[in-house]
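These numbers were taken from a predicted model, which means no experiment stands behind them. Hydrogens, waters and symmetry mates play no part in the numbers below; they use all other heavy atoms, side chains included.
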Protein chains: 2
Amino acid sequence: MTVDTRWLDSKQKAAWVRLAAVLELLPAALDSQLRRDAQLTHFDYFVLAMLSEAPGRTLRMTALAEHTTATLARLSHVVQRLETRGLLERFPCPEDKRATNARLTDDGWAKVREAAPGHVATVRENVIDALTPEQVTQLAGIADAILHRLDPERARAAVYERYDLNHSEDGPTGRR
Amino acid sequence: MTVDTRWLDSKQKAAWVRLAAVLELLPAALDSQLRRDAQLTHFDYFVLAMLSEAPGRTLRMTALAEHTTATLARLSHVVQRLETRGLLERFPCPEDKRATNARLTDDGWAKVREAAPGHVATVRENVIDALTPEQVTQLAGIADAILHRLDPERARAAVYERYDLNHSEDGPTGRR
DNA sequence: CGTCATTGGTTGTTGCGACAACCATTGCAC
DNA sequence: GTGCAATGGTTGTCGCAACAACCAATGACG
């Protein structure tokens with residue numbers, strides 16, 4: 001095969017090794033906190049959070065799949081479980097009989113607001129509060145650059161702006 | 001519960017949302033490349049890589065588990081599969097009859113050297129080459145800070161130095 | 001108004017990770 | 001040297017994600 005591999009120099013390797021470790025440990029930490037405190041996967045939480053910000057707390061399955069970076073098949077299974085638990089409900093879309101809408105129930109809305117503080121605290125503890133303000137800014141730039149390689153379409157789509165952690169007492173978002 | 005939640009400001013949220021997306025997409029990208037080109041999970045690769053650098057290409061299961069940030073149970077399953085495929089072999093440790101050693105076979109050694117170039121290329125493509133040299137340095141600092149929160153013990157142990165991507169033609173590591 | 005490709009979604013199967021139960025060996029206490 | 005806790009590892013079961021097969025509705029084209 002290719003014999004002219006460009007290996008990583010020591011600085012690059014140091015960065016990569018540490019990132020790889022974070023990739024292994026951070027998702028596990030987030031998942032276990034949400035599981036323990038809210039009986040929710042991080043992905044479950046993400047799904048509920050996206051719905052909570054949508055107009056009418058309702059989204060088409062396809063749209064929800066895009067927001068959550070998931071395949072439709074995966075989303076279908078997850079939504080099925082969440083529906084069984086009464087956190088959301090599905091109903092056929094009036095405009096397009098092929099389509100299905102998912103809507104957050106009142107219980108689901110309560111669940112999101114209940115789970116948000118603990119989740120934010122975990123994010124702070126393990127990420128944000130571990131960094132200086134400059135590093136937070138740097139991280140945004142770095143992650144953005146990586147995203148443009150991983151998924152150019154979505155990265156440009158500014159979908160990421162919507163992942164809103166500010167579930168305050170009076171509403172789903174901090175912007176008014 | 002706690003009513004005084006410290007929510008994320010917009011800069012912090014921007015950083016977190018993008019990091020969350022990377023956490024979702026990057027492991028999938030790494031896994032699928034290695035699966036496609038070498039029939040290996042990223043974790044499988046990691047296991048083989050650690051063994052390839054160990055003296056005698058051999059490690060105790062417990063030691064291997066520490067190097068790979070895995071539980072013993074998980075490692076046991078993975079090693080079982082790799083043993084079936086002939087990439088490594090297990091044998092009882094002479095000094096301690098409770099213990100089991102795992103040793104890389106010649107086939108396993110060949111597999112690691114065959115898989116390394118493609119893996120490094122993927123890492124470059126999606127991470128390193130997406131960043132400026134300054135960002136690479138920043139990333140190392142950021143990831144290190146996060147690691148100290150996630151796993152203080154291991155972060156200090158400099159185990160991460162050992163994740164060596166430089167599998168050149170004449171040996172397992174770049175240091176001589 | 002048929003047929004054919006596309007879109008939207010669900011379901012079955014498979015493989016892996018987490019957790020818990022379990023067995024064997026070792027080391028220590030007395 | 002017997003009891004017992006700690007260490008080292010394996011196995012079984014459960015839950016979830018990926019993949020593929022499938023069905024239903026839509027729309028474009030003739």
Engineer: Got a sec, which residues hit side chain to side chain donor-acceptor pair (under 3.5 Å) with A/R74, two or more places apart in sequence or on another chain?
Structural biologist: B/E24

Engineer: How long is the line joining CG of B/L40 and P of C/dC16, in whole Å?
Structural biologist: 11 Å

Engineer: B/E66 CD to D/dG8 P: how many Å, rounded?
Structural biologist: 9 Å

Engineer: In this structure, how many angstroms lie between the P atom of C/dT6 and the NZ atom of A/K97, rounded?
Structural biologist: 24 Å

Engineer: Sequence neighbours left out, what passes side chain to side chain contact (heavy atoms under 4.5 Å, CB included) with B/A63? Give chain and number order.
Structural biologist: B/L59, B/R60

Engineer: Taking only residues at least two apart or on different chains, which pairs with a member in residues 76-96 of chain B satisfy salt bridge (Lys or Arg N to Asp or Glu O under 4.0 Å)?
Structural biologist: B/E83-B/R90, B/E89-B/R103, B/D96-B/R98

Engineer: Is the shortest side-chain N/O distance from B/R81 to OP1 or OP2 of C/dG17 below 4.0 Å?
Structural biologist: yes

Engineer: Measure from CZ on B/R35 to P on D/dC19 and round the result to the nearest Å.
Structural biologist: 8 Å

Engineer: For B/T122, which residues count as a side chain to side chain contact (heavy atoms under 4.5 Å, CB included) partner, sequence neighbours excluded?
Structural biologist: B/L30, B/Q33, B/N126

Engineer: Starting from P on C/dG17, measure out to CZ on B/F46 and report it in whole angstrom.
Structural biologist: 14 Å

Engineer: Treat primed atoms plus P, OP1 and OP2 as sugar-phosphate and everything else as base, then score nucleotides 7-13 of chain C 5' to 3': B for base contact with protein heavy atoms under 4.0 Å, S for sugar-phosphate contact only, - for none.
Structural biologist: BSBBBB-

Engineer: Relative to the ring of A/Y45, is the ring of A/H42 parallel (under 30°), tilted (30 to 60°) or perpendicular (over 60°)?
Structural biologist: parallel

Engineer: With sequence neighbours left out, write down each residue that passes salt bridge (charged side-chain N to carboxylate O under 4.0 Å, His left out) with A/R57, or none if nothing qualifies.
Structural biologist: none

Engineer: Considering residues at least two apart in sequence or located in another chain, which fulfil the salt bridge (charged side-chain N to carboxylate O under 4.0 Å, His left out) criterion with A/D129?
Structural biologist: A/R124, B/R6

Engineer: Output the rounded distance in Å from CG (B/D44) to P (C/dG17).
Structural biologist: 7 Å

Engineer: Are any non-hydrogen side-chain atoms of A/T69 and B/L25 less than 4.5 angstrom apart?
Structural biologist: yes

Engineer: According to salt bridge (Lys or Arg N to Asp or Glu O under 4.0 Å), does anything in residues 32-45 of chain A pair up with another residue at least two apart or in another chain? List the pairs.
Structural biologist: none

Engineer: Once you round it to whole Å, what is the distance between C1' of C/dC16 and CZ of B/R85?
Structural biologist: 14 Å

Engineer: Under 3.5 Å between N/O atoms: give me all the protein pairs with nucleotides 1-5 of chain C, atom names plus distance.
Structural biologist:
none

Engineer: In whole Å, what is the span from the CG atom of A/L25 to the P atom of C/dG17?
Structural biologist: 15 Å

